[in-house]
Amino acid sequence: MTSIDAPLTDLTGLPVAPAPAEELHGPVLAWFDRHARDLPWRRPEAGAWGVMVSEFMLQQTPVVRVLPVYEQWLARWPRPADLAAEAPGEAVRAWGRLGYPRRALRLHAAAQAITERHGGDVPRGHAQLLALPGIGEYTAAAVASFAYGQRHAVLDTNVRRVFARAATGVQYPPNATTAAERRLARELLPRDEGTAARWAAASMELGALVCTARNEDCGRCPIAARCVWRLSGKPAHDGPPRRGQTYAGTDRQVRGRLLAVLREAVGAVPQAALDAVWDEPVQRARALDGLVSDGLVEPLEGGLYRLPQS
DNA sequence: TAGACGTGGGT
DNA sequence: TACCCAAGTCT
């Protein structure tokens, strides 16, 4: 147990100072040039729409599971207007098992907004992006940076972890993004616009491939020599538990089962088919009501249900 | 602001 | 076997 303001020290007791931003940029950018994954949304042909679709899908879902769905999605709906012309239920169906299907609904709604308000082109402005459904602080910065090469602090879970370790000297960032983290991210951002966009992708990739949540690989890290956390002897995380959400038995699990039935059905589904997925009737009804009020399920006459047609 | 919101693979 | 984790957003 250390006091809050105890300075981080190395193994000999000497204080460890964070590296100046300029000394981190070169090594991380060079590492990225060599080790960046060849992901489809990073190719020029992906365009802003491809970047935006990938960002929606990657919210809380691993890359490997996103890849096949992304390819099918872009092949079927190559422009926002193509998706906007479809029923929202088709987006939910095509979302498959990526999880958090409300993202599919929001992506569909965002495509409609882009078609109606932005002439069918993904907007370039951070504020305009932020105004779209399903786009928050992170995704707005990510699209503006990755798709349009703009200079924004892109603070996702990977970047937050890299900065927490390299610059702040702690194992994990706080549960919620803090003002101090935003300030630090802005301070570390290269001045040049194109370099800043590259830095955003590079620092994210470093967190995804090397500076991972568990089993970090400092031997492959380009800034290990400047990492405050490592130089301080990798002190263990202290503070409140980082997460904690059981899944079995929750409404989320019931919702997932209900929606799976509807996704795999061709047309409308009778109540009895939904009743079969969960035996506790009160929770089952609550979950179904929730799906309906979220717009993920459309109730019809005669106890039939289907994915939303409008 | 804490909690809801899916899913599946790794350890 | 459980728990942790994955490019968050919304209320």
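So that the names make sense, note that chain A is the first sequence line, chain B the second, and so on, each numbered from 1.
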Engineer: Do the side chain of A:T157 and the base of C:dG8 come within less than 3.5 angstrom through a donor-acceptor pair of N or O atoms?
Structural biologist: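 When only heavy-atom distances are counted, A:T157 does not reach the base of C:dG8 through any donor-acceptor pair under 3.5 Å.
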Engineer: Which pair of heavy atoms, one from A:R186 and one from A:R151, lies closest together, and at what distance?
Structural biologist: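 What the structure gives for the nearest pair is O-NH2, 4.3 Å.
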Engineer: Say whether, by atom type as modelled, one donor and one acceptor occur between the side chain of A:R160 and the main chain of A:P174 under 3.5 angstrom.
Structural biologist: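 Indeed, once roles are kept as given, a pair shorter than 3.5 Å links the two residues.
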Engineer: Applying side chain to side chain donor-acceptor pair (under 3.5 Å), run through A:Y138 and A:E55 and close with a yes or a no.
Structural biologist: CA-CA 9 Å; A:Y138 161 75; A:E55 290 302 335; 2.7 Å; yes
Engineer: Rounded to the nearest Å, what distance is computed from the CG atom of residue A:D294 to the P atom of nucleotide B:dA4?
Structural biologist: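 It works out to 14 Å between those atoms.
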Engineer: Given B:dG8, is OP1 or OP2 found less than 4.0 Å from the side-chain N or O atoms of A:R252?
Structural biologist: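 Negative; the distance criterion is not met.
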Engineer: With a 4.0 Å heavy-atom cut-off, tell me which residues in residues 41-57 of chain A come close to DNA chain C, sorted by residue number.
Structural biologist: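 Hits under 4.0 Å, by residue number: A:W41, A:R42, A:E55.
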Engineer: Which is it for A:R76 and A:D82 under the salt bridge (Lys or Arg N to Asp or Glu O under 4.0 Å) test, yes or no, and what are the steps along the way?
Structural biologist: CA-CA 8 Å; A:R76 182 171 176 185; A:D82 301 316; over 6 Å; no
Engineer: Considering all heavy atoms of both residues, which atom of A:L259 and which atom of A:P101 are nearest to each other, and what is their separation?
Structural biologist: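 Shortest heavy-atom contact: CD2-CG, 3.3 Å.
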Engineer: Would a distance-only check, ignoring hydrogens and angles, find a side-chain to backbone donor-acceptor pair under 3.5 Å from A:Y148 to A:A48?
Structural biologist: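 Checked: no pair found.
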Engineer: Distance check needed: C:dT9 P versus A:N175 CG, whole Å only.
Structural biologist: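 In whole Å, C:dT9 P lies 16 Å from A:N175 CG.
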Engineer: Please report, rounded to the nearest Å, how far the C1' atom of C:dC5 is from the OH atom of A:Y172.
Structural biologist: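 Interatomic distance, OH of A:Y172 to C1' of C:dC5: 10 Å.
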Engineer: How long is the line joining CZ of A:R161 and P of C:dC5, in whole Å?
Structural biologist: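 The answer, rounded to whole Å, is 9 Å.
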Engineer: Under 6.0 Å from the CZ atom of A:R191, do we count more than 12 heavy atoms belonging to anything else shown?
Structural biologist: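 Not more than 12 within 6.0 Å, no.
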Engineer: Heavy-atom count around A:R43 CZ within 6.0 Å, excluding the residue itself: above 12?
Structural biologist: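 More than 12 heavy atoms, drawn from other residues, nucleotides or ligands, come within 6.0 Å of this atom.
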Engineer: What are the atom names and distances for every N/O pair under 3.5 Å that joins the protein to nucleotides 9-11 of chain B?
Structural biologist:
none

Engineer: Here's a test for you: under side chain to side chain contact (heavy atoms under 4.5 Å, CB included), which of A:L258, A:V92, A:L291, A:L274 qualifies with A:V297?
Structural biologist: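 One option only clears the test, and that one is A:L291.
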Engineer: Using whole Å, what does the distance between atom P of nucleotide C:dA6 and atom CD of A:E205 come to?
Structural biologist: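 These atoms are roughly 14 Å apart.
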Engineer: Let's go through A:L98 and A:F56 carefully: what are the C-alpha distance in whole Å and the side-chain angles of both, what is the deciding distance for side chain to side chain contact (heavy atoms under 4.5 Å, CB included) to 0.1 Å, and is it a yes or a no?
Structural biologist: CA-CA 11 Å; A:L98 288 182; A:F56 270 75; over 6 Å; no
Engineer: Tell me: CG of A:D251 to P of B:dG3, nearest whole Å?
Structural biologist: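 One finds 16 Å between P of B:dG3 and CG of A:D251, rounded.
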Engineer: Tell me what A:V154 touches on the nucleic acid: a base, only sugar-phosphate, or nothing, going by heavy atoms under 4.0 Å.
Structural biologist: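 Touches nothing.
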Engineer: Just how far, in rounded Å, is P of B:dC5 from CZ of A:R106?
Structural biologist: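 These atoms are roughly 12 Å apart.
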Engineer: Is a donor on one side and an acceptor on the other found under 3.5 Å between the side chain of A:R252 and the backbone of A:Y247?
Structural biologist: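 No.
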Engineer: Can you list, in residue-number order, the parts of residues 124-145 of chain A that come under 4.0 Å of DNA chain C, counting heavy atoms only?
Structural biologist: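 Listed by number, they are A:P133, A:G134, A:I135, A:G136, A:E137, A:Y138, A:T139.
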Engineer: Give the minimum heavy-atom separation between A:W49 and A:W73, together with the two atoms involved.
Structural biologist: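 Shortest heavy-atom separation between A:W49 and A:W73 comes out as CZ2-NE1, 4.3 Å.
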Engineer: Between B:dA2 and C:dA7, how far apart are the P atoms? Round to whole Å, please.
Structural biologist: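 Each nucleotide's P atom is 22 Å from the other's.
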Engineer: Any chance you could lay out the salt bridge (Lys or Arg N to Asp or Glu O under 4.0 Å) test for A:R93 and A:E86, step after step, and finish with the verdict?
Structural biologist: CA-CA 11 Å; A:R93 196 190 306 278; A:E86 286 270 13; over 6 Å; no
Engineer: Taking the C1' atom in each of C:dT9 and B:dG9, what is the distance between them to the nearest angstrom?
Structural biologist: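 Going atom to atom, C1' in each nucleotide, I get 24 Å.
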Engineer: Counting heavy atoms from C-beta on, name the nucleotide in B:dC5, B:dG6, C:dA7 closest to the side chain of A:R102.
Structural biologist: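 Ranking B:dC5, B:dG6, C:dA7 by closest atom to the A:R102 side chain puts B:dC5 first.
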Engineer: C1' atom, C:dC4 versus B:dG6: distance in rounded Å?
Structural biologist: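 Their C1' atoms lie roughly 15 Å apart.
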Engineer: Whole Å only: how far is the CD atom of A:Q283 from the P atom of B:dC5?
Structural biologist: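 Rounding to the nearest Å, CD of A:Q283 and P of B:dC5 are 10 Å apart.
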Engineer: Does A:Q60 make a side-chain N or O approach to OP1 or OP2 of C:dA6 shorter than 4.0 Å?
Structural biologist: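 Answer is no, no contact under 4.0 Å.
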Engineer: Yes or no on salt bridge (Lys or Arg N to Asp or Glu O under 4.0 Å) for A:R286 and A:D289, after CA distance, side-chain angles and deciding distance?
Structural biologist: CA-CA 5 Å; A:R286 185 174 64 232; A:D289 282 350; over 6 Å; no
Engineer: Can I get a per-line list of side-chain donor-acceptor pairs under 3.5 Å for residues 215-225 of chain A, giving both atom names and the distance, sequence neighbours left out?
Structural biologist:
unit_1 : atom_1 : unit_2 : atom_2 : d
A:E216 : OE2    : A:K234 : NZ     : 3.0
A:D217 : OD1    : A:G219 : N      : 3.4
A:D217 : OD2    : A:R220 : NE     : 3.0
A:R220 : NH2    : A:L209 : O      : 3.3

Engineer: What residues from residues 26-40 of chain A pass a heavy-atom cutoff of under 4.0 Å to DNA chain C?
Structural biologist: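 Close to the strand are A:R37, A:L39.
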Engineer: Which of residues 255-263 of chain A have a heavy atom under 4.0 Å from DNA chain B?
Structural biologist: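 Only A:R255, A:G256, A:R263 qualify.
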Engineer: Which heavy-atom pair separates A:A202 from A:L29 by the least distance, and what is that distance?
Structural biologist: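 Of all heavy-atom pairs spanning A:A202 and A:L29, the closest is CB-CD2, 4.2 Å.
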Engineer: Between C:dA7, B:dG6, B:dG8, which nucleotide has the shortest distance from any of its atoms to the side chain of A:R97?
Structural biologist: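 When the side chain of A:R97 is considered, B:dG8 is the closest of C:dA7, B:dG6, B:dG8.
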Engineer: Any side-chain heavy atom of A:P123 sitting closer than 4.5 Å to one from A:L132?
Structural biologist: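 With C-beta onward as the side chain, the pair touches.
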Engineer: What nucleotide, of C:dG8, C:dA6, B:dT7, holds the atom closest to the side chain of A:P62?
Structural biologist: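 Among C:dG8, C:dA6, B:dT7, the one nearest the side chain of A:P62 is C:dA6.
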